[in-house]
Amino acid sequence: MNNTNSNKNSDIFNGLNKNQCLAVESLNGPLLIIAGAGSGKTKVLSHRIANLIDNSVLPHNILALTFTNKAAKELRNRIAQLIGYEKAKYIWAGTFHSIFARILRSEAESMGYTSAFSIYDTDDSSAQIKQIIKSLNISDKSINATNVRNKISSLKNKLISAKEFTSKAETIEEKYISKIYNEYEYIVKNNNAMDFDDLLLNIIYLLRQDKGILEKYQKLFRYILIDEYQDTNKAQYITIQLLAKAHQNICVVGDDAQSIYRWRGAEISNILNFNKDYPYSKIIKLEQNYRSTKTIIEAAHHIILNNHHQLAKKLWTENPQGDKIIIHQCADDREESFKITSIIQDEVRRGMNYNDIAVLYRTNAQSLSLENTLRMQKIPYDIIGGISFYKRKEIKDVLSYLTLLVNDKDSEAFRRAINEPPRGIGLTSLRNLQLYSEFNNTTLLDACKNIEHIPEIKGKAANSALEFYKMISEYKTIIQENCNGDTISDYINATGIIQMYEEIASDDAYDRIRNIEQLLIDIDNYFDENELSTLDDYLQQISLITDIDNKDLDDNKTSLMTLHTAKGLEFPVVIIVGVEKGLFPLERTRLNQEEEEEERRLFYVGVTRAKEKLYITYALRRAKFGEISNQGPSKFVSEIPKEYTNRAFSTGMSFTDTESKKSISRAKYDNNVNEYSQIAPDDNYSQIPNKINSFKVGDKVRHQNFGKGKIIQISGYGSQLKANVSFENVGVKVLMLQFAKLEKL
DNA sequence: GACCTGCTGATTTTT
DNA sequence: TCAGCAGGTC
């Protein structure tokens with residue numbers, strides 16, 4: 001094939017600038033594309049892939065890796081638009097984690113896993129580590145599960161195995177960590193599970209363990225494209241090298257100025273040294289920005305100039321000059337919140353929609369006081385990020401029940417499921433089950449099956465352990481034969497978890513039931529759409545998606561999110577808040593040049609999200625950990641040349657109205673339904689079957705578990721419709737009609 | 001095994 | 001300030 005395209009397909013090159021064309025044309029050999037913010041990176045990637053296919057490369061020979069599902073989805077859509085879905089679907093386009101999981105699944109046996117291995121998220125890992133700390137009897141205060149998990153994760157990202165770390169460990173703390181790390185490695189493998197880091201690591205082990213396998217994938221992935229290359233860690237870097245070694249058809253796209261994940265192992269040197277790793281590489285710079293006004297681009301440029309380590313480039317745009325950046329100094333965080341709401345209101349009055357506006361902050365904690373004010377002023381908003389749906393306790397519990405059906409080795413899933421609802425199997429019984437299973441080399445579930453051989457567990461505990469086993473194995477058969485929304489729903493009902501929350505009957509419990517119900521609806525939809533899929537397909541897929549992937553930025557709501565989350569997005573109006581000393585850049589980065597540069601890149605990312613208007617706010621006083629702290633504007637503010645800014649100062653108004661603040665400040669965590677914020681996926685409940693509206697006081701009914709009873713009171717409305725039912729055998733229960741499946745007698 | 005209380009420590013978090 | 005959890009009590 002020619003390196004330059006002779007038979008230009010007009011669609012592929014339509015609307016591309018010179019450098020974009022160059023990038024799309026250069027098909028063979030190593031290529032580094034430095035793509036500044038808003039320079040059409042995804043466009044270039046998708047058009048380059050289309051061009052590969054236009055030059056007779058088969059879709060399944062192309063590997064395109066991104067960091068987020070969102071980026072992957074967008075890339076896939078754009079490719080499909082260019083070449084049609086039929087061809088596009090064979091391209092290996094996805095996140096590092098999902099593509100690697102897919103490969104590992106098909107090669108699982110050769111690595112001592114089954115293809116239904118579980119994928120542990122950070123919470124699962126932490127829980128497992130907590131368990132290990134307990135079992136090793138480590139009482140050292142400095143050893144806590146989250147810290148150890150982070151430490152182990154960063155070791156894994158640097159490809160340092162437990163064994164290797166053990167030989168290096170010097171301090172007492174390191175020795176403890178190496179002990180935990182060894183145990184963790186062993187247990188997770190034994191659980192037939194991989195954590196997020198393992199997905200990256202095991203690929204390397206797989207490719208290194210067997211030359212045949214390496215060659216197989218080198219041949220398969222003849223053309224490799226990597227998005228956000230500046231964010232790759234060592235494991236990803238090595239995998240890419242292994243795969244690209246033979247053919248060197250590797251194209252990486254990135255922007256060192258937007259590298260903001262150093263703290264989780266990203267090595268900016270990977271992009272800075274690309275031309276050393278691949279000596280014959282071509283470098284193409286995309287410097288024309290199509291997103292922002294001249295003012296914003298110029299300001300961003302001056303900010304990033306303060307960083308020393310970077311690749312030379314200068315973003316420019318043909319867009320209009322645009323408005324100046326407005327910097328608001330506020331007396332305190334209360335006033336800042338009001339300022340933000342008035343900015344939003346003004347912009348809406350001028351014709352913007354709420355969803356044209358984004359508020360970006362450095363730390364999640366900042367969203368709280370902001371939310372209060374937004375609610376009071378009736379501004380519709382949506383928090384992006386934060387607590388994920390899939391991390392909710394009840395969701396994880398239900399998923400654990402499902403996991404046990406496909407991976408009975410998963411002790412983490414077992415531990416979650418066994419006592420939710422409480423079955424009278426406490427810590428002591430659990431420990432005995434564990435001892436038995438370790439001694440006899442069986443799963444915990446098998447230990448339940450053989451409960452009669454464990455004399456330490458008797459009575460109620462023994463009985464319910466056996467029942468637990470029976471339930472799991474019964475549904476394992478049912479769901480293996482017939483995997484769909486109905487059988488799974490039956491199973492979850494049989495576990496008693498919904499009934500448990502019905503009995504608790506608090507608002508919180510009803511929220512949890514609704515979340516479970518939402519999950520069951522999702523599962524039902526999944527199996528409707530993917531008839532050939534199995535339960536482990538579903539579980540692996542779900543374990544790699546995040547909340548953000550499901551957020552609908554098209555809803556007419558203002559988005560609130562951290563600066564990190566905002567990467568890759570754009571909004572006509574952006575408000576960066578809390579740009580003050582000690583908060584942004586964070587206090588602890590003050591004396592560390594590298595960390596400060598990363599904070600500056602984060603600020604740069606924030607600024608370049610704005611298309612038309614940028615606001616920056618800071619407060620002179622802020623409540624921090626219950627104390628008032630005084631600070632001035634961030635040094636970043638003064639790095640923007642004055643010619644691009646307009647400054648506004650505090651009016652000196654004082655806000656003493658703290659009552660309303662208190663009453664709603666918890667709402668975020670309470671997951672309340674309200675008309676201004678969509679935190680839980682509540683909207684799907686607007687379609688309530690009419691059936692439940694037909695119940696009235698005095699009706700005689702039957703409940704699956706509670707038997708016969710009579711409705712004595714009805715309260716709530718819509719999805720919240722509840723009935724107080726007096727049952728013949730179990731007394732009065734409050735039930736949500738939507739889920740109680742009451743039968744009219 | 002479930003519940004209460006008092007202590008601790010608190011960045012960012014693509015997967 | 002305030003959520004999460006370890007450790008004590010019933």
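Values reported hereafter were calculated over all heavy atoms of this structure, with side chains retained and with hydrogens, waters and symmetry mates removed. Just so it is clear, the model here is predicted, and its values are computed rather than measured. In what follows, every chain begins at residue 1, and chains take the letters A, B, ... in the order their sequences are listed.
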Between C1' of B:dT14 and CG of A:N157, the distance in whole Å:
13 Å
Nearest-Å distance for atom pair NZ/C1', residues A:K393 and C:dC5:
14 Å
Whether A:E185 and A:K189 form a salt bridge (side-chain N of Lys/Arg under 4.0 Å from carboxylate O of Asp/Glu) is what I want to check.
no
Please state how far atom CG in A:N150 lies from atom P in B:dA10, giving the value in whole angstrom units.
11 Å
Under 6.0 Å between ring centres, would you say that holds for A:F414 and A:F468?
yes
When the distance from NE2 of A:H97 to C1' of B:dT15 is rounded to whole Å, what number comes out?
4 Å
Quick one: A:R362 CZ to B:dT13 P, roughly how many Å, whole number?
8 Å
Answer yes or no: does a side-chain N or O of A:N147 lie under 4.0 Å from OP1 or OP2 of B:dG9?
no
With a cut-off of less than 4.0 Å, is there a side-chain N or O of A:T565 near OP1 or OP2 of B:dT12?
no
5'-most contact on DNA chain B (nearest-nucleotide basis), A:I260 vs A:R423, goes to A:R423
Which of the following nucleotides, B:dT12, C:dA6, B:dT15, is nearest to the side chain of A:L544?
B:dT15
Write out all pairs satisfying salt bridge (charged side-chain N to carboxylate O under 4.0 Å, His left out) with one or both partners inside residues 144-155 of chain A, taking only residues at least two apart or from two chains.
none
Whole-Å distance between B:dT14 P and A:N69 CG?
10 Å
Find the distance A:D333:CG to C:dT1:P and express it as a whole number of Å.
13 Å
Once you apply a heavy-atom cut-off of 4.0 Å, does A:D197 come out as touching a base, just sugar-phosphate, or nothing?
nothing
Identify, with sequence neighbours excluded, every residue that meets side chain to side chain donor-acceptor pair (under 3.5 Å) alongside A:E107.
A:K216, A:Y217
Ring centroids of A:W263 and B:dT12 base under 5.5 Å with planes under 30°
yes
Please classify the nucleic acid contact of A:Y261 as base, sugar-phosphate, or nothing, using heavy-atom distances under 4.0 Å.
base
Whole-Å distance, A:L360 CG to B:dT12 P, equals 15 Å
From the list C:dC5, B:dT13, B:dT15, which nucleotide is the closest neighbour of the side chain of A:K130?
C:dC5
Please tell me if A:T562 has a side-chain N or O lying less than 4.0 Å from either OP1 or OP2 of B:dT13.
yes
Any salt bridge between A:R423 and A:E467, counting N to O under 4.0 Å?
no
